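Computed from a prediction, not measured in an experiment: that's the story for all the values here. Side-chain atoms are counted along with the backbone in the values below, which use heavy atoms only and exclude waters and symmetry mates.
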Amino acid sequence: MDQTKREITKIAREVNKFTVQSMKEEGIGTAEFDFIHLVRHHPGITQADVREALKIDKGAAARRAARLEKKGYLRRKPNPKDRRSQFIYATEKADMLKMSKQSIETVFYEWLLSELPEQEKTSFCKTLDKLYLRSKKQSRAGFPDVSALIETKIRENFNE
């Protein structure tokens with residue numbers, strides 16, 4: 001039985017709703033933010049690589065890249081090895097957008113914790129940090145323990 005009742009997921013979903021709402025006020029949608037985020041983490045990525053990573057079609061990738069370039073979030077440079085290809089880079093404006101998203105999330109989390117007593121808040125944040133570090137370690141390893149647990153649960157349910 002899930003003791004957490006998936007509350008972490010539910011809170012993350014709520015902060016995401018608030019962030020999306022706030023980002024739309026800046027003229028950026030979720031899909032555009034995902035595009036910018038990928039380019040920021042992979043400077044010089046090609047549009048084909050973006051398409052593959054985001055699992056979007058050629059037309060959608062081209063339209064998004066053009067729209068984001070027009071808005072000043074991306075810039076393109078020709079690929080010297082392939083004239084049909086261009087490298088995509090994030091601009092300073094895209095970096096500012098990242099700061100904006102972080103600021104929005106920070107305000108939400110500060111508001112969320114504001115009614116907790118200081119000791120409870122400190123304890124909760126320590127626990128949250130432990131959980132995050134554990135999940136990050138598992139992620140970096142390719143989720144072997146969680147995958148094995150899922151396999152076991154599937155087998156148990158199948159044998160019932």
Side-chain angles (χ1 to χ4, degrees), residues 1-45 49-56 60-61 63-65 67-75 88-160:
M1 169 137 223
D2 178 12
Q3 294 175 323
T4 71
K5 299 181 211 158
R6 299 178 54 250
E7 301 291 9
I8 295 170
T9 301
K10 293 172 187 174
I11 292 168
R13 196 175 299 134
E14 296 305 322
V15 75
N16 189 53
K17 284 181 197 174
F18 178 70
T19 303
V20 166
Q21 175 185 321
S22 300
M23 300 295 280
K24 282 189 178 182
E25 292 170 8
E26 294 186 36
I28 295 293
T30 306
E32 289 177 319
F33 189 82
D34 290 344
F35 197 107
I36 293 167
H37 181 76
L38 180 66
V39 172
R40 282 187 64 259
H41 287 275
H42 302 279
I45 192 170
D49 292 334
V50 170
R51 274 194 339 259
E52 187 175 313
L54 296 179
K55 308 294 184 226
I56 57 177
R63 286 188 301 276
R64 242 173 253 161
R67 199 167 45 242
L68 290 169
E69 186 174 27
K70 186 176 181 180
K71 290 179 180 182
Y73 292 104
L74 301 178
R75 62 184 165 78
I88 305 172
Y89 297 90
T91 63
E92 223 176 276
K93 188 175 180 180
D95 289 335
M96 295 306 294
L97 185 64
K98 176 195 179 251
M99 296 307 292
S100 174
K101 183 177 187 292
Q102 284 178 337
S103 297
I104 292 165
E105 290 171 346
T106 297
V107 167
F108 185 93
Y109 288 123
E110 285 173 355
W111 168 83
L112 189 62
L113 295 173
S114 66
E115 293 185 359
L116 292 179
E118 200 58 40
Q119 185 178 1
E120 194 175 334
K121 192 185 309 184
T122 301
S123 177
F124 173 74
C125 289
K126 283 182 181 178
T127 301
L128 200 56
D129 191 49
K130 286 179 188 176
L131 294 174
Y132 170 72
L133 292 173
R134 185 169 191 235
S135 68
K136 193 65 176 175
K137 183 178 177 184
Q138 186 69 187
S139 172
R140 286 185 176 141
F143 300 102
D145 300 331
V146 178
S147 296
L149 187 58
I150 289 170
E151 287 288 322
T152 301
K153 294 286 185 186
I154 290 171
R155 270 189 252 114
E156 287 173 1
N157 289 337
F158 185 73
N159 290 330
E160 285 180 0

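- Between Tyr89 and Val39 the shortest heavy-atom distance is C-CG1, 3.6 Å.
- Checked against side-chain hydrogen bond (donor to acceptor under 3.5 Å, both in side chains), Glu14 has the following partners two or more places apart in sequence or in another chain: Lys17.
- Contact detail for Ala12 and Tyr109: the closest heavy-atom pair is CA-OH, 4.5 Å.
- In this structure, the side chain to side chain contact (heavy atoms under 4.5 Å, CB included) partners of Ala53, at least two apart in sequence or on a different chain, are Leu38.
- The closest donor-acceptor contact from the side chain of Lys71 to the backbone of Gly27 lies under 3.5 Å.
- Between the side chain of Thr91 and the backbone N or O of Gly72 there is at least one donor-acceptor pair closer than 3.5 Å.
- A 6.0 Å sphere centred on CD of Glu115 holds no more than 12 heavy atoms belonging to other residues, nucleotides or ligands.
- With sequence neighbours left out, Phe108 forms a ring pair (Phe, Tyr, Trp, His ring centres under 6.0 Å) with Phe18, Trp111.
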Side chains of residues 147-155: which donor-acceptor pairs under 3.5 Å do they make with residues two or more places apart or in other chains?
from	atom 1	to	atom 2	distance (Å)
Ser147	OG	Phe143	O	2.8
Thr152	OG1	Ala148	O	3.0

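- With sequence neighbours excluded, no residue forms a side chain to side chain contact (heavy atoms under 4.5 Å, CB included) with Ser114.
- Note: Ile28 CD1 to Lys93 NZ = 7.5 Å, rounded to the nearest 0.5 Å.
- Take Asn16 and apply the side-chain hydrogen bond (donor to acceptor under 3.5 Å, both in side chains) test, not counting sequence neighbours, and it matches no residue.
- A donor-acceptor pair under 3.5 Å links the side-chain atoms of Lys55 to the main chain of Glu52, judged by distance alone.
- Remark: Arg51 pairs with no residue by the side-chain hydrogen bond (donor to acceptor under 3.5 Å, both in side chains) rule, at least two apart or across chains.
- Residues Met23 and Leu97 meet the side-chain proximity criterion, which asks for heavy atoms closer than 4.5 Å.
- Residue Glu92 places its CD atom among 12 or fewer non-hydrogen atoms of other residues, nucleotides or ligands, all under 6.0 Å distant.
- In terms of heavy atoms, Tyr73 sits closest to Ala94 at O-CB, 3.4 Å.
- By the side chain to side chain contact (heavy atoms under 4.5 Å, CB included) test, Thr9 pairs with Arg6, Arg13, sequence neighbours left out.
- Contacts of Arg67 classified as side-chain hydrogen bond (donor to acceptor under 3.5 Å, both in side chains), with partners at least two apart in sequence or in another chain: Glu32.
- Under the rule for a ring pair (Phe, Tyr, Trp, His ring centres under 6.0 Å), the partners of His37 that lie at least two apart in sequence or sit in another chain are His41.
- Between the CZ atom in Arg64 and the CD1 atom in Ile56 there is a gap of 4.5 Å [rounded to 0.5 Å].
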Under 3.5 Å donor-acceptor pairs involving side-chain atoms of residues 120-142, not counting sequence neighbours:
from	atom 1	to	atom 2	distance (Å)
Thr122	OG1	Glu118	O	3.0
Thr127	OG1	Ser123	O	3.1
Ser135	OG	Leu131	O	3.4
Ser135	OG	Tyr132	O	2.9
Gln138	OE1	Asp145	N	2.6
Gln138	OE1	Val146	N	3.0
Gln138	NE2	Asp145	OD2	3.1

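- In terms of the side chain to side chain contact (heavy atoms under 4.5 Å, CB included) criterion, residue partners of Gln102 (sequence neighbours excluded) are, by chain and number, Lys98, Met99.
- A 4.5 Å side-chain heavy-atom check between Leu74 and Phe35 finds at least one atom pair inside the cut-off.
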